[in-house]
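Below is one structure, written out as structure tokens; comments come after it.
As a basis for the values below, the full set of heavy atoms in this structure was taken, side chains included, without hydrogen atoms, waters or symmetry mates.
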Amino acid sequence: MAAKHWAAALFGLPLTIAWVGILALLFPGTAQQAILPWLLLTFPLWVAVMALMYLSRSGKRLWLLVSSLTILSYAALWLLKTTGTAV
């Protein structure tokens, strides 16, 4: 159970920030109009991500899944920003 606690504590917020960043880049409109809704979405999404981590049966699988999801999310965020494909 401690592995799930540490995974949720270490990867919950970075994964949430990456997902909100991707959604914010893909959302049409100006940043001034969309910043508050994205900030308000961050906390409930963070809580949901951390709560969903406790559904895993194995701590090792959870660490592998969450770390790879975090790396892939930040890679997608970087790719969206560098290629200019964001709306």
Side-chain angles (χ1 to χ4, degrees):
M1 192 67 145
K4 293 178 185 180
H5 295 308
W6 281 106
L10 294 177
F11 289 108
L13 185 60
L15 186 60
T16 302
I17 290 173
W19 287 353
V20 169
I22 290 170
L23 290 173
L25 285 176
L26 294 176
F27 188 75
T30 64
Q32 290 82 13
Q33 294 173 340
I35 192 74
L36 184 61
W38 293 121
L39 286 174
L40 292 174
L41 176 70
T42 302
F43 183 71
L45 186 61
W46 181 25
V47 171
V49 165
M50 289 195 318
L52 287 174
M53 288 188 195
Y54 289 99
L55 294 177
S56 176
R57 293 183 185 181
S58 168
K60 290 181 183 179
R61 285 185 190 170
L62 177 67
W63 273 85
L64 181 65
L65 175 70
V66 174
S67 61
S68 60
L69 273 176
T70 303
I71 291 169
L72 288 174
S73 297
Y74 276 101
L77 183 62
W78 176 79
L79 187 65
L80 280 173
K81 289 174 80 173
T82 57
T83 59
T85 56
V87 177

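- Ile35 and Val20 end up in different hydrophobic clusters when Ile, Leu, Val, Met, Phe, Trp and Tyr side chains are linked at under 4.5 Å.
- For the atom pair Leu45 CG and Leu40 CG, the distance stands at 12.5 Å (nearest 0.5 Å).
- Under the 3.5 Å distance criterion, the side-chain polar atoms of Lys4 are matched with a main-chain donor or acceptor of Ser56.
- Taking all atoms of both residues into account, the shortest heavy-atom contact from Ala3 to Gly59 is CB-CA, 3.9 Å.
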Inset, instruction - Decide yes or no on side chain to side chain contact (heavy atoms under 4.5 Å, CB included) for Trp19 and Val49, but give the supporting numbers first. - result: CA-CA 11 Å; Trp19 287 353; Val49 165; 3.6 Å; yes

Legend entry - Derivation of the side chain to side chain contact (heavy atoms under 4.5 Å, CB included) call for Ile17 and Tyr74: CA-CA 9 Å; Ile17 290 173; Tyr74 276 101; 4.0 Å; yes

Inset, instruction - Start with the C-alpha gap between Leu55 and Leu52, add the side-chain angles, then the distance that decides, and say whether side chain to side chain contact (heavy atoms under 4.5 Å, CB included) holds. - result: CA-CA 6 Å; Leu55 294 177; Leu52 287 174; 3.7 Å; yes

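- Note that the CG atom of Leu25 and the CG atom of Leu79 stand 11.0 Å from one another [nearest 0.5 Å].
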Counting only pairs under 3.5 Å, give me each side-chain donor-acceptor contact of residues 5-16, with atom names and distances, residues two or more places apart or in other chains.
unit_1: His5; atom_1: ND1; unit_2: Tyr54; atom_2: OH; d: 2.9
unit_1: Thr16; atom_1: OG1; unit_2: Gly12; atom_2: O; d: 2.8

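- There is a path of hydrophobic side-chain contacts, each under 4.5 Å, that joins Ile22 to Phe43.
- Legend: residues meeting side-chain contact (heavy atoms from CB on, under 4.5 Å) with Leu41, ordered by chain and number and at least two apart, are Leu23, Trp38.
- Expressed to the nearest 0.5 Å, how far CE of Met53 lies from CG of Leu65 amounts to 8.5 Å.
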